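Each remark here refers to the structure printed beneath this line.
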Amino acid sequence: MNKLVKLSLAVLLLASVIAWYQPNFIYSTKSIHDFAAKFPGLVSFFKWFHGGKGSVAKTDHAVPKDGSSEPSEPTRVFTKEELAKYKGENGGDIYLALMGRVFDVTRGRDYYGPGGGYAFFSGVDGSRAFVTGDFKPEGLIDDITGLGSQDYIGLRDWLDFYMKDYESIGKLQGLFYDADGKTTQYYHDAQQWIKEASDYKEDEDLFKEKYPMCNVEYKPEEGSRVWCSTKSGGIQRDWVGFPRSLYSADSKNIRCACAQEADLNDSLLKEYPNCPKDAPSCMLPK
Ligand code: HEM
């Protein structure tokens with residue numbers, strides 16, 4: 001989606017949410033962020049908004065998917081105190097760190113400089129806040145332990161974004177790199193969390209392609225009907241499939257899936273009662 005359309009949509013949606021909850025809200029970037037941080041749903045929306053920004057080709061992640069090799073690296077090592085000097089005060093340079101990598105973001109002064117909407121990221125490693133949306137000082141930390149799978153993917157995408165759009169100028173001595181700029185055990189753990197999240201997402205995407213969701217419609221007098229089409233579940237394909245109940249491996253979740261003939265014997269799939277097995281559409285029991 002083009003940037004202007006995305007931005008207009010973002011502003012419209014956010015403005016309506018804010019107008020709904022707090023009609024007297026002051027519209028500044030800072031207050032929008034403070035407000036947004038209180039609503040997890042908005043943070044998901046932010047992630048979507050910035051999705052295009054971080055997304056690069058699948059094979060081009062700055063964090064190697066297998067954690068094996070490192071792209072060519074700058075050698076300068078910053079301490080936290082040193083990094084804190086680069087907040088762009090008095091027209092000076094602006095640096096920020098993400099997962100221990102220091103980037104020169106001076107040319108993004110409007111965002112990161114004093115008074116900018118993202119000034120809180122300058123001079124620190126606030127990795128965690130990039131995905132939690134918690135921009136308070138206690139949220140702007142480098143510790144990314146215990147986040148969700150989506151968050152690790154978000155961090156991977158933000159790192160891709162900074163590697164692509166800004167210059168990586170050094171390492172930050174701390175959780176990810178030691179005083180010599182060598183990777184720490186924490187760095188390798190983080191790589192592993194990101195790899196696991198990426199693998200999980202890849203498996204999930206493949207599963208969604210194998211068993212796309214059905215179309216559903218509800219009419220009070222008739223009840224719910226499910227059916228398949230070449231676009232159902234948002235998966236464009238050249239087959240339609242047959243509607244089945246799809247059980248998760250632990251049987252806790254059930255959804256309607258479109259299955260191809262070759263997969264109909266999968267034990268996770270169940271036919272709908274009173275619906276012929278080759279019917280393209282089924283009425284659900286009321
Ligand atoms: C977790 C929440 C968010 C984070 C961590 C975040 C972070 C950032 C960062 C770091 C930048 C600067 C990117 C650069 O260097 O080019 C940026 C830019 C921007 N952000 Fe956000 N943001 C968040 C939420 C939002 C929301 C909710 C909106 C809109 C309603 C928004 C609108 C913008 C806009 C318009 C820009 C400038 C984009 C451009 O010109 O490409 N952000 N954001």
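No experiment lies behind these values; they were computed from the predicted model shown. By convention here, the first residue in the shown sequence is residue 1. Counting convention: from 1, in listed order, for ligands and their atoms alike.
With ring centers used as reference points, Phe130 lies under 6.0 Å from Phe121.
Counted by atom type alone, Gln191 and Tyr187 present one or more donor-acceptor pairs between their side chains at under 3.5 Å.
Taking distance alone, with nitrogen or oxygen atoms compared against 3.5 Å, Tyr111 approaches ligand 1 more closely than that limit.
Distances below 4.0 Å separate heavy atoms of Trp158 from the following atoms of ligand 1: 7 (C), 8 (C), 9 (C), 10 (C). Short contacts between ligand 1 and Tyr162, defined as distances under 4.0 Å to a heavy atom of the residue, involve ligand atoms 10 (C). The atoms of ligand 1 that sit less than 4.0 Å from any heavy atom of Tyr166 are 14 (C), 15 (O), 16 (O). Within ligand 1, counting atoms from 1 as listed, the ones closer than 4.0 Å to a heavy atom of Phe161 are 13 (C), 14 (C), 15 (O), 16 (O).
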For residues 83-90, which side-chain donor-acceptor pairs fall under 3.5 Å, sequence neighbours excluded?
unit_1: Tyr86; atom_1: OH; unit_2: Arg76; atom_2: NH2; d: 3.4
unit_1: Lys87; atom_1: NZ; unit_2: Ser122; atom_2: O; d: 3.2

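In this structure Tyr186 satisfies the ring pair (Phe, Tyr, Trp, His ring centres under 6.0 Å) test together with Phe176, Trp193, sequence neighbours excluded.
Proximity annotation for atom 13 (C) of ligand 1: of Tyr112, Phe135, Phe103, Tyr118, Tyr112 comes nearest, heavy atoms only.
More than 12 heavy atoms of other residues, nucleotides or ligands sit less than 6.0 Å from atom CG of Asp180.
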